2 protein chains.
Amino acid sequence: MSETTGPKETRARSTKRTSGKNQAPTIYDIAEMAGVNPSTVSRALSKPGRVSAKTQKVIEEAAKELHYQVNMFARALPTGRTQTIGLIVADITNPAYFDIIRGAETAAAARDYTLMLADSTESAQLELTAARRMLASVDGLILASPRLSDAEIQDLALKKPVAIINRNVAGVASVVAQMNAGVSDAVRHLVALGHTEIAYVAGPERSWMSQNRWECINARCEWSGIKATLLDSEDPTVDGGRRAAVAVRAGSATAIFCYNDLMAIGLLRELQAAGIKVPAELSILGFDNIFGSDFTTPPLSTIKSPLHESGAAALLRILDQLDAEAPVRPDPTLRTELVLRGSTGAKIG
Amino acid sequence: MSETTGPKETRARSTKRTSGKNQAPTIYDIAEMAGVNPSTVSRALSKPGRVSAKTQKVIEEAAKELHYQVNMFARALPTGRTQTIGLIVADITNPAYFDIIRGAETAAAARDYTLMLADSTESAQLELTAARRMLASVDGLILASPRLSDAEIQDLALKKPVAIINRNVAGVASVVAQMNAGVSDAVRHLVALGHTEIAYVAGPERSWMSQNRWECINARCEWSGIKATLLDSEDPTVDGGRRAAVAVRAGSATAIFCYNDLMAIGLLRELQAAGIKVPAELSILGFDNIFGSDFTTPPLSTIKSPLHESGAAALLRILDQLDAEAPVRPDPTLRTELVLRGSTGAKIG
DNA sequence: TTGTATGCGTTATCAA
DNA sequence: TTGATAACGCATACAA
């Protein structure tokens, strides 16, 4: 079919090339322009150093002149590597994840990676589907607050590098901030204020993080000799927080931890709407320190999580797994911190 | 090199296949299992209908049994199509973009596309770089509040489908909400409250949207016979809003529009910190209706933009350009709406 | 150091 | 309707 143009030409592209006008330039074009073999171009462009300085320069100039850009798919085929990593968040509606996304996106961009985003809407089912799909086209996967089972996560991690945020699963890279610092400070603060009973409005049942937070609070309260009770809830959202108000009012606790800021804000507003004064009659604390948590009146006291750093850290963990020769980076110390604003106050007599 | 195992076998994969244990299954594996040619498998799996019902079924069953998943890169090579579309936002820090991201992500997931995300940090330079990079690996590109020049955008649109949000550029698909509805209502409301001079704290200089909003406000004020003045600002952020406070206090306007809610919130808080009562002494209005804009005291009155819908609409515009035979979907009417909360009140004195 | 040849997993073009 | 085979653009053993 295609007439060989000469002995040197391995492959004749003339047909397509001459007809189509705006084809993206390939290494073949560069090779022709630079007077070298395509494979040399490939070498020069992918891993510099394996080609003489002179030809390197010639090739780079040709590439620049042609506005050459590597075809990611063509590269991905033989190597299996794309330059993108996936991020699946449990609920793209929660501002807490925005910070995680930011952190990951920023870190990715800095290392010349791009981010693929997906949302599981708190559904384990959808999460698994999304994860499988993504796994096929990314170099690694970050799961933020996954609802999957440990086994499922470990299974995913078998195929590609995986990092999870806000959860611990044996054998897979985890990024989870130390709850202890923030929680102890918070409980100590509450005790100093005279509170003797604390309640925790829990998050989703399958949430490892909610469990983790509760255990930490409970342990700390026990240590301080005060009572701690667990309150179930529906959704970890503003509305979920609102709906938790009845259970809160039914109980006798005078200080309330909420699973996250979203719930704390909902609870705060619902309580206020019912005429209850915060913090005069009831103290409220959230977790995360999301955008807007200081907009309320009173501004929300909360246990700040290093969300942005977590996103960045997770991405770096992926990259480490990718580069075999990567220096084993020490884990950044991710610690929570008590942010005292106006929603906590002295217990009233 | 590779011994042909038989006349039917076009390609011998035995070497790799037997050694590597966990290779992803390919259409060759399916073909073998189903007793047909790989090309038939391809046909059956890509565009159903071009193969007999019987073989179709056999192939699908084999695919399911093998847990087959198409290799996106291999598919992208001949077709040029990946199933992902890119989204570049001007500032991933601004909650307004979160809603856009959500809208786009949701719409994408529904059509079985995935989203690639990038942030330009309000820099035209970075935006262009990101856009070029993305363009190479996506089917289409959404630019949210681009800082690029018209020419640059048109240039990008030449290569792949592009849709822009919050801006109009000749020849490229644009998604921009009608300002008029919200703004007229707002001005009318302010006039009814007795205000006779209004100021607009502008956004970034190169922002088409800021210009658009100002022109709409100005026209509306002229029509109503009240004065409107333009105030420059630095950043379209909470801090930028805070810094705009001095200019606001120096002026004589009694009602202030801010380019976006972020600035409005910053301005509100700075003013309050200086002892100025809102809305008693000064009325404040934002644009967008972002998450948290109702958390302030007083809650922010704002002109709500259909952010979520805009993101979704932009994605659909891309898909329409992609499918030549797609029905020319009528543009959804995206209109702004005045959301009255507590930050606007009667003019004093 | 550079060139040759081949494979990566699909789709697409022809024949049959 | 199905089979054979050539691209798609790049990377990489191997040879020179």
Side-chain angles (χ1 to χ4, degrees), chain A residues 1-2 6-17 20 23-31 34-56 58-59 63 66 68-83 136-137, chain B residues 1-2 4 6-17 20 23-32 34-56 58-59 63 66 68-83 136-137:
Chain A
M1 295 301 156
S2 55
K8 287 227 156 192
E9 211 82 1
T10 302
R11 190 184 190 177
R13 311 186 69 212
S14 46
T15 334
K16 282 237 164 164
R17 225 47 180 168
Q23 288 286 337
T26 72
I27 55 172
Y28 286 81
D29 301 312
I30 298 179
V36 297
N37 191 281
S39 67
T40 306
V41 176
S42 173
R43 274 187 287 259
L45 262 33
S46 52
K47 285 180 186 170
R50 305 237 11 103
V51 87
S52 83
K54 180 163 35 172
T55 50
Q56 176 79 31
V58 179
I59 289 173
L66 260 37
Y68 171 80
Q69 262 197 292
V70 303
N71 180 324
M72 294 258 314
F73 314 116
R75 170 175 287 179
L77 211 38
T79 61
R81 288 286 200 88
T82 136
Q83 283 276 108
S137 38
Chain B
M1 296 296 158
S2 54
T4 32
K8 287 227 157 196
E9 210 82 3
T10 301
R11 189 184 189 179
R13 309 186 71 214
S14 47
T15 335
K16 281 237 165 162
R17 226 47 182 166
Q23 287 287 335
T26 72
I27 54 173
Y28 285 81
D29 301 312
I30 298 179
E32 191 175 352
V36 297
N37 190 281
S39 66
T40 305
V41 176
S42 173
R43 271 188 290 259
L45 263 32
S46 52
K47 286 181 186 169
R50 304 236 13 101
V51 88
S52 82
K54 178 163 40 174
T55 51
Q56 175 79 31
V58 179
I59 288 173
L66 260 37
Y68 170 78
Q69 261 197 295
V70 303
N71 181 323
M72 294 256 315
F73 313 117
R75 169 175 288 178
L77 212 38
T79 62
R81 287 286 200 91
T82 137
Q83 283 277 108
S137 37

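Labels below follow one simple rule: chain letters A, B, ... track the order of the sequence lines, proteins then strands, and each chain is numbered from 1. Remember, it's a predicted structure, so these values are computed and weren't measured experimentally.
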S.K.: Taking five pairs at each end of the helix from C:dT1-D:dA16 to C:dA16-D:dT1, what angle separates the two helix axes (nearest 10°)?
M.R.: 30°

S.K.: Mind calculating the distance between CG (B:L77) and P (C:dT11) to the nearest angstrom?
M.R.: 11 Å

S.K.: Would you mind reading off the distance between B:I30 atom CD1 and D:dG3 atom C1', rounded to a whole angstrom?
M.R.: 17 Å

S.K.: Please determine, for the side chain of B:V51, which listed nucleotide (C:dG9, D:dT2, C:dT1) has the closest atom?
M.R.: D:dT2

S.K.: Is any side-chain nitrogen or oxygen of A:Y68 closer than 4.0 Å to OP1 or OP2 of D:dC10?
M.R.: yes

S.K.: Sequence neighbours excluded, which residues qualify as side-chain contact (heavy atoms from CB on, under 4.5 Å) partners of A:S137?
M.R.: B:M72, B:F73

S.K.: Below 3.5 Å between N/O atoms, which protein atoms pair up with nucleotides 12-16 of chain D? Just atom names and distances, please.
M.R.:
none

S.K.: Listed by chain and number, what are the side-chain contact (heavy atoms from CB on, under 4.5 Å) partners of A:V58, not counting sequence neighbours?
M.R.: A:A34

S.K.: Would you say B:R75 reaches C:dG9's phosphate, i.e. side-chain N/O to OP1/OP2 under 4.0 Å?
M.R.: no

S.K.: For A:S42, give me all partners under side chain to side chain donor-acceptor pair (under 3.5 Å), at least two apart in sequence or on another chain.
M.R.: none

S.K.: Run the side chain to side chain donor-acceptor pair (under 3.5 Å) test against A:S46 and tell me which residues pass, sequence neighbours left out.
M.R.: none

S.K.: Check every strand shown and say whether A:V41 touches a base, only sugar-phosphate, or nothing at a heavy-atom separation below 4.0 Å.
M.R.: nothing

